[in-house]
Amino acid sequence: METPKYRKYETIYMLRPNITEDVIKKTNERIFDIINNKGKLLVVDNWGLRKTAYPVQKQHKAYFFHLTYAGSPGLVADVELQCRIAEDVMKYHSIKIADTVPAEELEKEVEFKATSRTDD
């Protein structure tokens with residue numbers, strides 16, 4: 001039996017700087033649920049509140065999140081749709097890292113990293 005193959009993706013998104021921890025958690029949970037229902041969430045990296053390179057929606061700071069996940073091509077469309085719908089997501093960007101990754105290789109790579117970096 002052939003093992004299923006997935007594509008590997010990365011998404012970075014920015015949340016408004018003036019929202020509460022509960023709103024951040026709920027927004028992230030919605031995005032994580034979409035990924036977990038149709039693929040595998042590999043890495044979650046919370047970069048924290050950082051200054052943006054230029055004003056985004058008249059804001060100079062944002063909460064940054066970096067996700068690495070695997071799934072079918074339709075998964076990226078669903079994640080980006082959720083980012084578009086969520087009013088607290090200011091900007092997002094997704095890229096494909098690998099075309100085919102076997103499921104058994106993903107099992108070895110699964111790591112949930114929820115670290116927070118601070119900007120000093």
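For the numbers below, each heavy atom of this structure counts, side chains included, while hydrogens, waters and symmetry mates do not. Predicted model, so just to flag it, every value in this text is computed and none were measured.
A heavy-atom distance below 4.5 Å is found between the side chains of Tyr69 and Leu75. In this structure the side chain of Leu67 never reaches within 4.5 angstrom of the side chain of Glu10, judged on heavy atoms. No side-chain heavy atom of Thr52 sits under 4.5 Å from any side-chain heavy atom of Lys61.
Interatomic distance, CD of Gln82 versus CD of Glu80, reported as 12.0 Å (0.5 Å rounding). Expressed to the nearest 0.5 Å, how far CZ of Phe64 lies from CG of Leu15 amounts to 10.0 Å. For the atom pair CZ of Phe65 and CG of Asp45, the computed distance is 10.0 Å after rounding to the nearest 0.5 Å. Rounded to the nearest 0.5 Å, atoms SG (Cys83) and OH (Tyr13) are 7.0 Å apart. In this structure, CG on Asp88 lies 8.5 Å from CD1 on Ile24, to the nearest 0.5 angstrom. With values rounded to the nearest 0.5 angstrom, Ile12 atom CD1 is found 7.0 Å from Ile95 atom CD1.
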Test log, rule side-chain contact (heavy atoms from CB on, under 4.5 Å), inputs Gln59 and Met90: CA-CA 9 Å; Gln59 300 291 330; Met90 295 169 34; 3.8 Å; yes
side-chain contact (heavy atoms from CB on, under 4.5 Å) assessment of Arg7 paired with Tyr9: CA-CA 7 Å; Arg7 289 184 178 173; Tyr9 301 97; 3.1 Å; yes
Check step by step if side-chain contact (heavy atoms from CB on, under 4.5 Å) holds for Val56 and Met14. CA-CA 9 Å; Val56 178; Met14 300 165 46; 3.8 Å; yes
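The closest side-chain donor-acceptor pair between Tyr92 and Arg84 falls under 3.5 angstrom.
For the side-chain contact (heavy atoms from CB on, under 4.5 Å) test, residues two or more places apart in sequence or in another chain that qualify with Asp78 are Ile34, Lys38.
Without hydrogens or angle criteria, Arg16 side chain to Glu87 main chain gives a donor-acceptor distance under 3.5 Å.
Under a hydrophobic clustering in which Ile, Leu, Val, Met, Phe, Trp and Tyr are joined whenever their side-chain heavy atoms come within less than 4.5 Å, directly or via other members, Ile97 and Val76 fall into different clusters.
When all heavy atoms of Ala70 and Tyr6 are compared, the pair lying nearest together is CB-CB, 3.9 Å.
In the hydrophobic clustering (ILVMFWY side chains linked at under 4.5 Å, chained through shared members), Leu81 is joined by Ile85.
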